[in-house]
Amino acid sequence: MSILLWVVFGAIVGFIADYIDSSVHLSWLERIVVGIAGAVVGGTVASLLTTGNLDITAAAGFDLISIVVAVIGSLIAIFAWKRVRPSSL
């Protein structure tokens, strides 16, 4: 995926994760960062569970499965974000 597509994908996924977890309010930049981090975390965990290999570079593309996996990864990233920076929330 190109950089611009990663940013758009991260913004969409970050917005969905921010909507699901309403206990944290993120700026647009934070949503993009959390969305991209969630895509990496979710894709890595999904690759580990399905193939048994830890493949960080496995990018499936822009489809519904990728969005669901990235949202789950983003929720994990938000959970970690709340544990690391509780004073900023």
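With sequence neighbours left out, the side-chain contact (heavy atoms from CB on, under 4.5 Å) criterion links Asp18 to Val24, Leu26, Arg31. Residues that satisfy the side-chain contact (heavy atoms from CB on, under 4.5 Å) test with Ile32, not counting sequence neighbours, are Val7, Ala11, Ile36. For Ile12, the side-chain contact (heavy atoms from CB on, under 4.5 Å) partners are Val8, Ile16, Phe62, not counting sequence neighbours. Partners of Thr50 according to the side-chain contact (heavy atoms from CB on, under 4.5 Å) rule, which considers only residues two or more places apart in sequence or in another chain, do not exist here.
Residues in residues 66-80 take part in no salt bridge (charged side-chain N to carboxylate O under 4.0 Å, His left out) pair, two or more places apart or across chains. The list of salt bridge (charged side-chain N to carboxylate O under 4.0 Å, His left out) pairs with a residue in residues 68-80, not counting sequence neighbours, is empty. Among residues at least two apart or in separate chains, there is no salt bridge (charged side-chain N to carboxylate O under 4.0 Å, His left out) pair with a member in residues 2-15.
When all heavy atoms of Ser74 and Ala17 are compared, the closest pair comes out as CB-CB, 3.6 Å. Contact detail for Ala39 and Ala70: the closest heavy-atom pair is CA-CB, 3.7 Å.
Tested against Leu75 for a side-chain contact (heavy atoms from CB on, under 4.5 Å), the candidates Ile20, Val41, Val34, Val13 yield a single pass: Ile20.
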Checking side chain to side chain contact (heavy atoms under 4.5 Å, CB included) for the pair Ile67/Phe9: CA distance, chi angles, key distance, verdict? CA-CA 8 Å; Ile67 291 174; Phe9 186 74; 3.6 Å; yes

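When the side chains of ILVMFWY residues are joined at heavy-atom separations under 4.5 Å, either directly or via intervening members, Phe79 and Val45 end up in two distinct hydrophobic clusters.
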